[in-house]
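Single-structure report; data block below.
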Amino acid sequence: MRRYPVAALLVFLTVALVVVNGFAFWGDTFALWIDDAMQLSAGVAAVVCGVLVARRVRGHQRWWRELVAVGMAGWSLGQCAWSYYQLIDGRGLPSPSLADVGYLSFPVFALAALFVLARARVRPDRERFQPAQWTAHFGVAVVLDGLIVTGSLFILTWTAALGQLVRATAPDKLTWAVAISYPLSDLVIVVVAVLLVVFDRVDRPYRTNLLLAAVGIVALAASDSVFAYLVSIGAESMKPWSDGGFVLGPLFIAFALLVTPGQRRRDEAGSPGGVDWWQLALPYVPVTAVALLITAQLLAGAGPDGVEVFVGVLVVFLVLARQLLSLLDNRLLLRRVYDGQQQLTHQAYHDPLTGLANRALFADRLDRAVESTDRTLVLIFVDLDDFKEVNDRFGHAGGDVLLHAVAQRLLSCVRAGDTVARLGGDEFAILLEGELDAPQAVADRIQGVLRRPFAVHGTLVPVRASMGLVVPDPAEPLVTSDVLLGRADTSMYAGKRLGKDTTVVYRPSQDGPPDFPSALRRASGGIPEGFGLVFQPIVRLADEVPVAVEALARWSTRDGTVVSPETFVRSAESAGLGAELDALVLDLACREISEAGLDLTVHVNVCASRLGAAALEQSVGSALERYGLPASRLVVEITETVPVPDLAAGAAAIRRLQELGVRVALDDFGAGYSSLTVLHALPVDLIKLDRALTTGVQPERDAALCRSLVGLCADLELDVVAEGIETAEQASLVIAAGCTTAQGYLYGRPAPLSALRLPTIPAAAGRE
């Protein structure tokens, strides 16, 4: 920062010396000696600065300085020749001469240096230089702007002095070429320097170098123009004032060579670049000046000569080409804006992971399909079975790979006009519109392609899917997209209950959508149509002999559609019929286990919210008495879909049931609202460990937790049943933890009593 005040002071002193020397108080000859000495000193100073700094830098910073130093060395040699002819020889400067060779070498090397400096557009941190408002045609635009400015300035220069100079001092072709080389070379280099300054980023590392070099070049060109003008008017003497640019120009170039780009300021590093309005208007300023000049010539009766007309027509065509390029740029900009909007729209309605339609787009298309007059459509709901195991095994990255591959296979199973969407997680939906001969064939094809193993992180992973398929009746009134999605979801969960990897087809019944509360009311205390029980065995782990069964409710509509228990139980609870449903299940379970003649304990689920209600105790007593079932063979499982409302009242209700001889179990312990506090407050006889405690991804941790819980229950004299046992590994884990009884698909799936492999006279289980 200290060099700038020194440089400013040096410039001020140089300007003052030029002005004072211009008055020639000590005579014209001595003033010329001082003038030439100042010019030569400035030129040599620029050469020295360029050489010294070039030795300390590399790359573009070195190359452009070396080129400028060579150019200024030639210019200084030309100045030496000029001084010799002017001050020592006394004959005056011949034309052409060695001085012309030296002077004209500078524009050549300076122009090359500017292009090298212009190529240094890669920042020190390797960041690509990309102005925000430039288009793909910017390079062509800069060339056209340069040609327009050059042509316009040529006309102005030709009219002002160049034309008269060429006509007056051109006895032969060589002399004419030398005479015109000065203004033309100055014009080209000035235009290039100005364009580089105007169309550059403000925070560019070489900005200061470019500005100082441009000022020096313009100063040299200005003195050249003044000299040419004085020659053209036949001036007898030329004051040193006219040579001020020959002194200040090399001085500014020396400053440009000295400055080295430093680190960009942090507040400027992220500032956006752009093109200001005056940058866009630059080419048209000299064009306007040319138009005013020609208008003045026509008004004065001295029309433009042939050179002005020729170059003027060329400039007009260049301006037209520039306007055409602007139209192309505007069109390109509009296209990019449109493409950006399309991309944003696509992102708003598509899943980012799979590229499929998202829930919003699928809902919109399903609404339009339902509202159409044709309404020929098929809706398929797809849910991957046991997808959590993939995430647990391979992590979420592996799960994402699998979901993307599943999406591609689903797309291969449908037509181009059909819609495949990812609704979230591992749930997909497919909308088929138009004439479909066999929608079931599409579902079979989907299951076929999904059964082929998927490659996930180098491992083949089998995939199974449960699907619900809905074919709505076009004549069905008041059907909505939400109803169709609900039916598809219900059918899909029914498939999971049937054993997974299945397709359940839903067909609308004449009574409308499935309505379990209405069916329960119509039964008037009896068994609703399509309602029944299945039983899952609970086995003794020592010999895998069933010692009990759990009663599970099932319901299907008149058309055979199986409705998931979660669905119809929830609807019964919402309708206030939960107590009636519990009583119905209890009555059927006691009747069927009694009629089967099996000496097995039966487990029946009861919602925790009804614990303590008098109706529950009455239902239990009535069922046991009606079917002659011993109370010791009934276990009431408290299911915590909602928390126990009053632990004290619940504990009292459990004791009353135990007084009848009925045992009470706490279901799904370790999930829901179950906790040690509940276990301490409720005097239950048995707990059932939730399957989450036996199907985790950390066997050692799971085993330790199971051992702790089993040991705790043993201390409290509570029996334990491990739920959800599906593999031999899980069975080994609970056996090692100390469990004696278990339940799960490994020992039997839910089925009617007649379909279960139960011993005719099983061994007495005693307490489980």
Side-chain angles (χ1 to χ4, degrees), residues 538 548 550-553 566 569-570 572-587 589-590 601-625 629-693 705-706 708-723 739 741 743 767-768:
I538 299 172
E550 180 180 357
L552 302 171
E566 290 86 350
V569 170
R570 186 167 53 248
E573 294 283 357
S574 300
L577 299 176
E580 286 80 352
L581 178 59
D582 285 348
L584 174 62
V585 173
L586 177 65
D587 187 83
C590 292
T601 301
V602 60
H603 291 234
V604 179
N605 294 309
V606 174
C607 182
S609 63
R610 280 179 289 281
L611 188 61
L616 173 62
E617 300 169 25
Q618 293 174 1
S619 298
V620 170
S622 299
L624 294 176
E625 182 180 358
L629 187 69
S632 60
R633 292 175 54 193
L634 176 64
V635 176
V636 175
E637 294 187 7
I638 306 301
T639 59
E640 290 191 292
T641 53
V642 295
V644 178
D646 188 339
L647 290 177
I654 291 175
R655 293 190 184 95
R656 289 193 295 270
L657 290 173
Q658 291 170 337
E659 290 174 358
L660 295 175
V662 175
R663 287 183 292 162
V664 180
L666 190 60
D667 194 16
D668 297 331
F669 186 79
Y673 300 96
S674 297
S675 66
L676 293 179
T677 301
V678 175
L679 184 62
H680 175 73
L682 301 181
V684 297
D685 303 282
L686 179 147
I687 69 168
K688 301 184 75 174
L689 296 180
D690 186 78
R691 69 187 308 271
L693 300 176
L705 184 58
C706 285
S708 300
L709 290 176
V710 172
L712 175 64
C713 292
D715 293 339
L716 297 176
E717 297 183 351
L718 300 177
D719 291 331
V720 179
V721 177
E723 291 186 296
C739 286
T741 52
Q743 174 184 357
R767 290 192 71 187
E768 303 170 6

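Only this structure's heavy atoms are used, side chains among them; waters, hydrogens and symmetry mates stay out. A quick note: this is a predicted structure, and the numbers were derived from the prediction, not measured.
Between A681 and A651, the shortest heavy-atom distance links the atoms O-CB, 3.5 Å. Among all heavy-atom pairs drawn from A623 and D587, the shortest one is CB-CA, 4.4 Å. Nearest heavy atom pair, residue C607 against residue T639, reads CA-OG1, 3.6 Å. Across every non-hydrogen atom of V606 and V636, the tightest pair is CG2-CG1, 3.6 Å. Considering every non-hydrogen atom in both L581 and A572, the closest pair reads CD2-CB, 4.1 Å. The two residues P630 and L624 come nearest to each other via the heavy atoms O-CD2, 4.2 Å.
Rounded to the nearest 0.5 Å, atoms SG (C739) and CD (E723) are 11.0 Å apart. One distance of note links CG of L577 with CG of L584; it measures 11.0 Å at 0.5 Å rounding. Atom CG of L666 sits about 9.5 Å away from atom CG of L718, to the nearest 0.5 Å. Remark: L709 CG to I687 CD1 distance equals 6.0 Å, nearest 0.5 Å.
Scored by the side chain to side chain donor-acceptor pair (under 3.5 Å) test, N605 finds E550 as partners (sequence neighbours excluded). The salt bridge (charged side-chain N to carboxylate O under 4.0 Å, His left out) check on E637 picks up K688, with sequence neighbours excluded.
Contact of the L629 side chain with the V602 side chain is registered, since non-hydrogen atoms from C-beta on lie closer than 4.5 Å. Under the 4.5 Å side-chain criterion, counting only non-hydrogen atoms from C-beta, L634 is in contact with L586. A 4.5 Å side-chain heavy-atom check between L616 and D582 finds every atom pair outside the cut-off.
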*How far apart are the C-alpha atoms of H603 and D667, what are their side-chain angles, what is the distance that settles it, and do they pass the side-chain contact (heavy atoms from CB on, under 4.5 Å) test?*
CA-CA 10 Å; H603 291 234; D667 194 16; over 6 Å; no
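Among residue pairs with one or both ends in residues 650-661, those qualifying as side chain to side chain donor-acceptor pair (under 3.5 Å) are E617-R656, Q658-D685; sequence neighbours excluded.
Side chain of T741 to main chain of V720: a donor-acceptor pair is present (N/O by atom type, distance under 3.5 Å, no hydrogens or angles).
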